[in-house]
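Just so you know, ligand 1 is whichever comes first in the structure, and atom 1 is the first atom listed for that ligand. Just so it is clear, the model here is predicted, and its values are computed rather than measured.
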Amino acid sequence: MTRFIFITGGVVSSLGKGLASAALGALLQARGYKVRLRKLDPYINVDPGTMSPYQHGEVYVTDDGAESDLDLGHYERFTGVPARKSDNVTTGRIYQTVIAKERRGDYLGGTVQVIPHITDAIKDFVRSDTDDNDFMLIEVGGTVGDIEGLPFFEAIRQLGLEVGRENALFIHLTLVPYIAASGELKTKPTQHSVKELRSIGIQPDIVLCRCDRPIPESDRRKIALFCNVREDAVIPALDVQTIYEAPLSYHVQGFDNQVLRAFGLRDAPEPDLSRWRDVASRIIVPEGEVKIAIVGKYTGLKDAYKSLIEALTHGGIANRVKVQMEWFESEIFEKEDAAVAHLEGVHAILVPGGFGERGTEGKIKAATFARERGVPYFGICFGMQMAVIEAARNLAGIAGASSSEFGACANPVVGLMTEWMRGNELEQRGVNTDLGGTMRLGSYPAQLVAGSKAAEIYGTTKIDERHRHRYEVNTDYREVLEKAGLRFSGMSPDGLLPEIVEYPNHPWFVGVQFHPELKSKPFEPHPLFASFVQAAVAQSRLV
Ligand code: GLN
């Protein structure tokens, strides 16, 4: 029978609940258990797809095409288990399901209420698709006490009862702040947070205490006493040098031992953490450093580029170097010669995904700089589209080249795609369809040209990668662009949608229509990122 572990948070948000969950998943996996992680998000958007990256950070896309919470990225990077649509739900989605049933008349005249209808829908979600996993780790977004979180807390309380206490575990993550003026750690916020949780009927089994320094025995004892948990079950969650050290640190603090003990699993083998040790040491003691410029639009909030940052770090792991990321708002390059001033001296340039016209001329300038100077360039999704517009304007002489995303233009080298095949099914979109959930989303196959740089990097000519975009490079311009030197080295299997472009005569210039960063793992760096960082290392020896 699948066991459920519920992870909640208190005191403040951003304590690293997603990471704690992912690290626990990794630890259980390292002991031979099969795990899957899930996130329940109390906000009302149906999914984060329509939210600004400034509000919500990155939208993580799954193979099966869900636009989901960025914590699913942590889960996947830490466990290697591909996330699915059924791993993330929001209040909005739950209500959408319940209201659709109500409209169909499924409630047979009954009054539809938060309890039991909404809570039942949440429970159904949590219990669906659990497969043959030993553990389902269920993270509840937000903090205890939030009004919108209440139905979720009530649902997991009921679930604890229904699956039996021997099959459910509640973990609560809180903050133990250090007050400099008095030189003390404070346990009161933790006490209050657990009190809040108990007032809605949930007694945590384990309290994780985020703290910037070791927590003395006496404070742990106090927390245990007032929160009604055993002292061993008060686990310090200390700051680490890299997130990939978290499983190691949690293991030292006894986290996985306490979890297994609570389930009565006393004879589980010790975890094999060698791969985590290797990854952490490659990050903490690198053998060199490369400087990579990231030219984007949401550079003020790093969460907007979560998977990208991790994938670059993984590229560094593969090459045993530290990747120093230099962030640039692309708009600054729109001034004459600004690109040269800022980009001279970087070892590689990456233009990530993005939406909307603002800052695009700056991204195009960055692509020109990389192409002309032979500096490694990696264009991801929007970054590929900008590189293609750059090639059209500056190599093929198509002055009016642009994307129809920015309005009607003379030469839509990048245009709105209204029809494409997904497997055997035709997907169709109109100009005025909803914005939510209507992009080309999720995993699609691509065919690479044998002998191309792309095929060499992947070591194969057949790949699958995840997409999230509405526009495509327009194949009407393929011939003229190829004549100008830009090679289309990856296409959709039907040959209609360009997936990868590259310059054969450049040290490393690759644009991809998909998001390879979503599939990179610390112990399995994505080949494109490993190769890109390797090219940056080569460039660093030249400058
Ligand atoms: N805005 C572009 C599109 O919709 C690129 C999207 C992206 O970079 N994810 O096609």
Side-chain angles (χ1 to χ4, degrees), residues 47-54 56-63 65-68 70 73 294-299 301 303-309 311 329-330 349-364 366-367 377-390 392 401-409 412-420 427 429-444 446 465-475 477 490 492 496-501 510-520 528:
D47 61 41
T50 56
M51 281 194 227
S52 154
Y54 283 121
H56 188 268
E58 162 187 277
V59 173
Y60 190 77
V61 181
T62 59
D63 280 331
E67 295 181 283
S68 69
L70 58 77
I294 301 166
V295 182
K297 190 161 80 169
Y298 319 107
T299 55
L301 179 74
D303 265 2
Y305 298 110
K306 194 89 222 162
S307 294
L308 181 76
I309 295 171
E329 278 287 323
S330 59
I349 298 167
L350 191 151
V351 178
F355 292 84
E357 188 169 13
R358 181 173 70 78
T360 50
E361 291 303 320
K363 293 179 187 180
I364 291 170
Y377 176 93
F378 194 2
I380 295 182
C381 204
F382 209 40
M384 167 195 184
Q385 297 174 358
M386 294 306 111
V388 171
I389 294 173
E390 197 278 329
S402 187
S403 167
S404 55
E405 180 169 357
F406 319 140
C409 61
V413 172
V414 178
L416 181 66
M417 199 60 204
T418 49
E419 281 189 6
W420 65 87
E427 298 248 350
R429 302 286 185 265
V431 178
N432 295 319
T433 39
D434 284 356
L435 288 184
T438 56
M439 284 186 257
R440 180 146 86 102
L441 285 170
S443 185
Y444 283 84
E465 292 283 4
R466 296 183 196 167
H467 290 250
R468 180 174 186 251
H469 54 102
R470 190 164 278 119
Y471 299 85
E472 306 275 352
V473 172
N474 185 346
T475 43
Y477 293 89
S492 58
L496 296 177
L497 305 174
E499 298 278 9
I500 308 184
V501 295
V510 178
V512 296
Q513 188 55 78
F514 44 83
H515 289 278
E517 71 273 25
L518 301 175
K519 289 197 354 186
S520 188
L528 281 168

Take every heavy atom of Q385, measure it against each atom of ligand 1, and state whether any distance is under 4.0 Å.
yes
If you scan protein heavy atoms around atom 9 (N) of ligand 1, the nearest is R468 O, 2.8 Å
inquiry  = Is any side-chain heavy atom of K297 closer than 4.5 Å to one of F382?
reply    = no
inquiry  = Could you go through R466 and Y60, starting from their C-alpha distance and side-chain angles, then the distance that decides it, and tell me whether this counts as side chain to side chain donor-acceptor pair (under 3.5 Å)?
reply    = CA-CA 10 Å; R466 296 183 196 167; Y60 190 77; 3.3 Å; yes
- Looking at ligand 1, does any of its N/O atoms fall within less than 3.5 Å of an N/O of F382? yes
protein heavy-atom neighbour closest to atom 10 (O) of ligand 1 works out as Y471 N, 2.8 Å
Looking only at protein heavy atoms, what sits closest to atom 7 (C) of ligand 1 is C381 SG, 3.0 Å
Look at the rings of Y305 and Y298 and say which category their plane angle falls in: under 30° parallel, 30 to 60° tilted, over 60° perpendicular. tilted
of all protein heavy atoms, closest to atom 1 (N) of ligand 1 is E405 OE1, 2.7 Å
of all protein heavy atoms, closest to atom 5 (C) of ligand 1 is G354 O, 3.3 Å
| request: Look at E67 together with R468 and state whether they make a salt bridge at an N to O cut-off of under 4.0 Å. | output: yes
Taking only non-hydrogen atoms of G353 and a 4.0 Å limit, the atoms of ligand 1 in range are 8 (O)
Query raised in the report: Does S403 offer a backbone N or O that forms a donor-acceptor pair with the side chain of Q385 under 3.5 Å?
Result: no
One finds that the ligand 1 atoms under 4.0 Å from a non-hydrogen atom of H515 are 9 (N)
Only one of H515, H469, H467 passes ring pair (Phe, Tyr, Trp, His ring centres under 6.0 Å) with Y444, and that residue is H467
re atom 4 (O) of ligand 1, the protein heavy-atom contact at minimum distance is R470 N, 2.9 Å
Residues passing the side chain to side chain donor-acceptor pair (under 3.5 Å) test with S330, sequence neighbours excluded, are none
